[in-house]
Amino acid sequence: MPECPELHLAGRFINGTCGALVFAGGVERSPVGRGPEVPFRCEAYSISAIARGKELRLTLSALDPAAGPPPQDLVFRFGMSGSFRLCPAAELPRHAHLRFLTRESPPRALCFVDPRRFGSWRLGDAWQPERGPCVISEYQAFRENVLKNLDDRAFDKPICEVLLNQKYFNGIGNYLRAEILYRLKIPPFEKARTMLEALKEQEMRKKDPSLTLRKKVKLRQENPDLLELCHTVPKEVISAELFDPEHSDNYAAFKNWLQCYLVPGMSSLRDHNGRTIWFQVGAGEPLKLSPKGAPRKNPQVKADPEAPSPKVTPRASKQHRKAAVKPLKSQVKEEEKEEEADGPKKGHARGRRKVTAAPALPEVPLGVRRSSRTSARRGKGAAPAV
DNA sequence: CGTCCACGTCTAC
DNA sequence: TAGACCTGGACGG
């Protein structure tokens with residue numbers, strides 16, 4: 001799940017668990033990995049990491065700086081499926097495109113694993129220059145970068161789309177944008193600039209000199225604004241330690257953490273880039289939802305898109321989310337073996353189907369909702385409906 | 001078996 | 001604003 005929390009957790013994993021390990025030899029690369037060979041070889045080196053938004057930088061350092069090669073930096077992007085794992089060198093996982101071997105007796109390998117190969121790495125210490133400050137580790141700079149550039153045409157777009165613009169929101173991805181907007185019940189297609197300008201006003205009010213410091217702090221904590229949530233929501237994911245590379249799958253824990261994204265009963269639409277935005281329709285909201293104009297068929301909403309009724313439906317049934325469903329992937333995997341051999345295999349012109357057709361709304365019969373609360377998405381089977 | 005969908009960028013009509 | 005780039009899991013017939 002590579003959005004900034006996963007990158008930061010990967011960094012923490014590398015500095016923690018792998019920080020004490022001694023690595024040796026060269027860096028192995030699969031022929032299909034989306035990145036260059038790594039020209040580094042050393043008989044005793046360590047690896048450290050630092051994350052910035054959706055990038056992760058590794059530094060390979062000789063234990064003896066005098067004897068070994070100079071440090072080598074690498075900057076990774078995880079694409080849709082990248083991750084780091086530490087495993088016995090004799091049992092590499094599939095799609096381990098870059099491997100750092102330890103000097104241990106039965107060696108282990110720190111692997112960059114990436115089934116879809118949308119991820120990549122580059123040599124050197126440079127962050128991608130167009131990406132803005134990290135929402136997690138450079139919060140003040142991030143905030144200023146947004147508020148000082150509101151005249152940028154980028155902010156003409158709906159807030160849900162701007163949140164994916166890495167020039168301003170480095171680290172935010174599809175699940176975070178949904179979770180962040182949901183916390184404030186912001187309609188996803190509200191114009192970004194309007195939202196953010198309003199936020200400036202709020203900011204002034206929170207700084208009212210007639211307030212005591214305590215009051216200011218309290219105000220701030222109880223009324224976090226959108227930009228603050230871009231910082232605190234990802235941090236929640238980190239402190240909840242979902243995605244711990246140690247125990248591979250607490251994907252269940254992650255699903256359980258989600259309040260909006262993939263959650264049955266929430267609505268979803270395609271944005272202008274064909275990405276699915278999840279949100280809750282606030283009762284009585286103006287409903288300026290759909291990218292084009294009319295909200296169209298929305299199971300939840302339908303009927304009276306006008307209804308200016310001020311009552312804010314208190315989230316149909318707050319927290320029945322206790323997945324309690326543990327997939328337990330203990331199943332044995334068949335030793336598939338070398339996908340790497342599929343390198344040149346390219347010409348598979350898969351029939352392209354248009355994915356962007358209809359506004360893909362979750363067909364959730366109002367009556368059935370709240371029933372299958374288990375594994376989001378798959379409301380399948382089970383659901384005795386009523 | 002086939003279709004649809006996925007935590008993200010990129011570039012090219 | 002579409003594809004392209006990929007693999008794999010869920011689901012439907």
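Within every chain, numbering begins at 1; the chains are lettered A, B, ... in the order of the sequence lines, protein sequences first and strands thereafter. Note that the coordinates shown come from a computational prediction; the quantities given were computed from them, not determined experimentally.
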Pair A/Tyr261 and A/Tyr182, ring centroids less than 6.0 Å apart:
no

Can you tell me which nucleotide in C/dG8, C/dC6, B/dA6 comes closest to the side chain of A/Met80?
B/dA6

Output the single nucleotide from B/dA6, C/dT7, B/dT9 whose closest atom is nearest the side chain of A/Arg270.
B/dA6

Can you identify which nucleotide, out of B/dT9, B/dA6, C/dC5, has its nearest atom closest to the A/Lys54 side chain?
B/dT9

Roughly how far apart, to the nearest Å, are B/dC10 and C/dG8 at atom C1'?
23 Å

Whether over 12 other heavy atoms sit under 6.0 Å from A/Lys206 NZ:
yes

For residues A/Phe169 and A/Phe142, establish whether the separation of their ring centroids is below 6.0 Å.
yes

Flag the pair A/Arg108 and A/Glu104 as a salt bridge only when some basic side-chain nitrogen lies within less than 4.0 angstrom of an acidic carboxylate oxygen.
yes

For DNA chain B, write out the stems as range with range, using runs of 3 or more consecutive Watson-Crick or G-U pairs with both distances under 3.5 Å.
B:1-6 with C:7-12, B:8-12 with C:1-5

Applying ring pair (Phe, Tyr, Trp, His ring centres under 6.0 Å), run through A/Phe112 and A/His97 and close with a yes or a no.
CA-CA 6 Å; A/Phe112 176 62; A/His97 302 306; 7.2 Å; no

Can you tell which of B/dA6, C/dT7, B/dG8 lies closest to the side chain of A/Arg275?
B/dG8

Distance between the P atoms of C/dG9 and B/dT9, in whole angstroms?
23 Å

Look at the side chain of A/Arg117 against the base of C/dC6 and say whether a donor-acceptor pair falls under 3.5 Å; ignore hydrogens and angles.
no

Using atom names, set out every protein N or O paired with an N or O of nucleotides 10-13 of chain B below 3.5 Å, distance rounded to 0.1 Å.
from, atom 1, to, atom 2, distance (Å)
B/dC10, OP1, A/Arg77, NE, 3.3
B/dC10, OP1, A/Arg77, NH1, 2.1
B/dC10, OP1, A/Arg77, NH2, 2.1

In whole angstrom, give me the gap between the C1' atoms of B/dT11 and C/dT7.
22 Å

Pair A/Arg220 + A/Glu228: basic N to acidic O under 4.0 Å:
yes

Rounded distance in Å between the P positions of C/dA2 and B/dC5
16 Å

Any Lys/Arg nitrogen of A/Glu197 or A/Arg193 sitting under 4.0 Å from an Asp/Glu carboxylate oxygen of the other?
no

Indicate, with yes or no, if the rings of A/Phe118 and A/Phe78 have centres closer together than 6.0 Å.
no

